[in-house]
Protein chains: 2
Amino acid sequence: MELTEAKQKFIEAWGKLGSEWGINRTMAQVHALLLLTPEALTTEEVMEKLSISRGNANMTLRDLINWGLVEKQLKQGERKEYFYADKDTWNIARQVAKERRKRELDPIIKILDELSAVKGNEKDPEYKTFHKSVTDINKLAKNVDKTLEIMLKAEESWFWKSILKVFK
Amino acid sequence: MELTEAKQKFIEAWGKLGSEWGINRTMAQVHALLLLTPEALTTEEVMEKLSISRGNANMTLRDLINWGLVEKQLKQGERKEYFYADKDTWNIARQVAKERRKRELDPIIKILDELSAVKGNEKDPEYKTFHKSVTDINKLAKNVDKTLEIMLKAEESWFWKSILKVFK
DNA sequence: TTAAACTTTCAAAATATTTTGAAAGATGGT
DNA sequence: ACCATCTTTCAAAATATTTTGAAAGTTTAA
């Protein structure tokens with residue numbers, strides 16, 4: 001397989017994986033493209049290489065910046081913006097975990113807290129099942145949340161350092 | 001908040017969370033409904049409670065069975081099938097991890113292996129960046145895969161037992 | 001074998017999501 | 001102030017996904 005074909009395959013695969021995990025296909029593809037590109041690219045170049053519209057490229061690049069996966073670069077004497085993707089796999093994983101935690105885990109925990117607090121008749125199987133499921137899921141969600149928090153901030157802890165080293 | 005409203009909220013929240021993670025909204029909602037229900041339900045009951053069509057209910061329930069989250073129950077002298085959801089949070093998490101690993105992680109690792117093997121000119125920055133990104137991601141993916149495998153099969157290991165206890 | 005009870009299928013319809021592209025909005029140099 | 005260059009916006013169009021429901025399929029009992 002030659003490089004051009006291989007790049008294409010990677011972009012496709014990354015796009016597919018992304019969409020299976022609730023990340024817009026194009027966003028994942030633009031990210032893949034930037035991961036494979038040594039220098040920063042302009043909106044124009046992203047548009048061309050992936051055959052997408054200006055609007056789409058613009059929005060997608062903003063999103064990637066908001067996710068902390070891509071940074072905007074300005075070059076001396078040039079008006080246009082260049083986009084560069086962080087190539088550190090570990091940072092990418094960290095950023096994705098961080099964002100999804102904030103966007104999805106936190107809100108669901110808030111709801112689960114409310115629902116855990118709902119009172120009812122302990123003799124009623126309907127209530128008992130409801131309460132058990134909700135509190136169990138809440139517990140798990142909170143543990144995941146806590147663990148992520150620790151992993152995300154405290155890479156300095158010897159304990160986590162040794163666990164995380166396995167993944168790097 | 002009273003029970004009926006709380007149940008409704010949980011079903012909605014679970015559906016939303018599911019769809020943000022690439023799981024069909026209805027599938028997540030049916031799962032939520034079954035999680036809240038002490039006894040097994042028939043297709044008919046699921047249709048009514050969630051106002052969905054027969055076809056949808058049928059397909060969704062099959063999917064949940066394929067994911068290992070719901071089981072079919074047959075009752076003495078009755079023709080119709082009843083559906084019951086495993087209420088053990090830990091099992092649910094295990095099953096989801098197991099299925100997604102099989103369906104998504106394994107295929108992407110296969111592709112990354114192929115792409116890692118692509119040869120090129122080490123002096124070419126295009127190639128170098130491609131190769132680094134692909135092999136780095138491949139490494140991370142393989143570590144995640146290995147870890148999941150260990151977690152999924154070997155709960156008997158004292159090491160994992162102590163780690164996993166934190167989450168339960 | 002028939003028929004009632006139940007399940008499955010799948011093309012078409014409904015809905016949701018993504019993408020486009022032209023126009024409006026910025027920005028900076030002259 | 002004007003213009004060229006670049007970015008952003010967003011309603012409409014294109015695409016993708018999900019849902020429907022009626023018909024076909026299956027199973028069981030009499």
Side-chain angles (χ1 to χ4, degrees), chain A residues 11-34 40-67 70-84 100 103-104, chain B residues 11-34 40-67 70-84 100 103-104:
Chain A
I11 291 171
E12 267 169 41
W14 205 237
K16 191 173 161 230
L17 189 69
S19 69
E20 285 166 341
W21 284 87
I23 284 156
N24 178 312
R25 189 209 273 347
T26 304
M27 177 165 155
Q29 289 184 339
V30 171
H31 186 224
L33 172 64
L34 293 177
L41 295 181
T42 62
T43 303
E44 209 76 32
E45 289 169 315
V46 171
M47 286 166 59
E48 279 169 23
K49 303 228 184 196
L50 297 178
S51 313
I52 61 174
S53 71
R54 184 173 304 286
N56 198 3
N58 182 271
M59 285 183 134
T60 298
L61 286 165
R62 296 309 121 187
D63 285 349
L64 284 167
I65 289 171
N66 289 336
W67 274 74
V70 163
E71 65 173 29
K72 193 192 288 190
Q73 289 183 346
L74 295 172
K75 297 202 181 179
Q76 264 297 3
E78 293 211 49
R79 300 257 317 254
K80 50 178 180 281
E81 297 171 334
Y82 286 78
F83 299 92
Y84 180 81
R100 299 205 80 150
R103 292 168 198 228
E104 292 147 24
Chain B
I11 291 170
E12 267 168 42
W14 205 237
K16 190 172 161 233
L17 190 70
S19 68
E20 285 167 340
W21 284 87
I23 285 157
N24 178 314
R25 188 210 268 356
T26 304
M27 178 165 154
Q29 288 184 338
V30 171
H31 185 224
L33 172 64
L34 293 176
L41 295 182
T42 61
T43 304
E44 209 75 33
E45 288 168 317
V46 171
M47 287 167 59
E48 278 169 25
K49 304 227 183 196
L50 297 178
S51 313
I52 61 175
S53 72
R54 183 173 303 286
N56 198 3
N58 182 270
M59 285 183 135
T60 299
L61 287 165
R62 293 312 121 186
D63 285 349
L64 285 167
I65 288 172
N66 289 335
W67 275 74
V70 163
E71 65 173 31
K72 193 193 287 189
Q73 289 184 346
L74 295 172
K75 297 201 180 178
Q76 264 297 0
E78 293 212 48
R79 300 262 311 262
K80 51 178 178 282
E81 298 170 335
Y82 286 78
F83 300 92
Y84 180 81
R100 299 206 79 152
R103 292 169 199 225
E104 292 146 25

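Here the structure is a predicted model, which means the values were calculated and not measured. Labels below follow one simple rule: chain letters A, B, ... track the order of the sequence lines, proteins then strands, and each chain is numbered from 1. Just the heavy atoms: all of them, side chains too, but no hydrogens, waters or symmetry mates, feed the values below.
- Between W21(A) and W21(B), the ring-plane angle classifies as perpendicular under the 30° and 60° cut-offs.
- Atoms CE and CG, from M47(B) and L61(B) in turn, are 11.0 Å apart once rounded to the nearest 0.5 Å.
- We find the OG1-CG distance between T26(A) and L33(A) to be 12.0 Å, quoted to the nearest 0.5 Å.
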Note to self: For a quick check, with a 4.0 angstrom heavy-atom cut-off, what is the B/S/- contact string for nucleotides 15-25 of chain D, read 5' to 3'?
What the structure shows: ---SSBB----
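- In this structure, the separation between CD on E81(B) and OG1 on T42(B) is 10.5 Å, given to the nearest 0.5 Å.
- Direction of the helix axis in the helix from dT1(C)-dA30(D) to dT30(C)-dA1(D) shifts by 10° between the two five-pair termini, rounded to 10°.
- For the pair N66(B) CG and dT8(C) C1', the computed distance is 14 Å after rounding to whole Å.
- Nearest approach of F83(B) to L34(B), heavy atoms of both residues: O-CD2, 3.6 Å.
- When rounded to the nearest whole Å, the span between CD of E45(B) and P of dC6(C) equals 12 Å.
- R25(A) meets the side chain to side chain contact (heavy atoms under 4.5 Å, CB included) test with S19(A), Q29(A); sequence neighbours excluded.
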Next item on the list: Under the side chain to side chain contact (heavy atoms under 4.5 Å, CB included) rule, what do V30(A) and I52(A) come out as? Steps first, then yes or no, please.
Entry: CA-CA 10 Å; V30(A) 171; I52(A) 61 174; 4.2 Å; yes
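- Atom-to-atom, CG of L61(A) to P of dC6(D) comes out at 16 Å; the value is rounded to the nearest Å.
- For the salt bridge (charged side-chain N to carboxylate O under 4.0 Å, His left out) test, residues two or more places apart in sequence or in another chain that qualify with E104(B) are R100(B).
- Evaluation of the salt bridge (charged side-chain N to carboxylate O under 4.0 Å, His left out) test over residues 42-56 of chain A, restricted to residues two or more places apart or in two chains, returns E44(A)-R54(A).
- The minimum heavy-atom distance between G15(B) and A28(B), with the atom names listed, is CA-CB, 3.8 Å.
- For the pair E44(A) CD and dT5(D) C1', the interatomic distance rounds to 11 Å; values are reported in whole Å.
- Within residues 77-84 of chain A, the residues having any heavy atom closer than 4.0 Å to DNA chain D are, in order of number, R79(A), K80(A), E81(A).
- Here dT27(D) presents its P atom at 13 Å from CG of L74(B), a figure rounded to the nearest Å.
- Rounded to whole Å, atom P of dC6(C) lies 13 Å from atom CE of M47(B).
- In this structure, K72(A) atom NZ and dC6(D) atom P are separated by 14 Å, rounded to whole Å.
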Next item on the list: Report the C-alpha separation of T60(B) and N24(B) in whole Å, then their side-chain angles, then the decisive distance to 0.1 Å, and conclude whether the side chain to side chain contact (heavy atoms under 4.5 Å, CB included) test is met.
Entry: CA-CA 9 Å; T60(B) 299; N24(B) 178 314; 5.6 Å; no
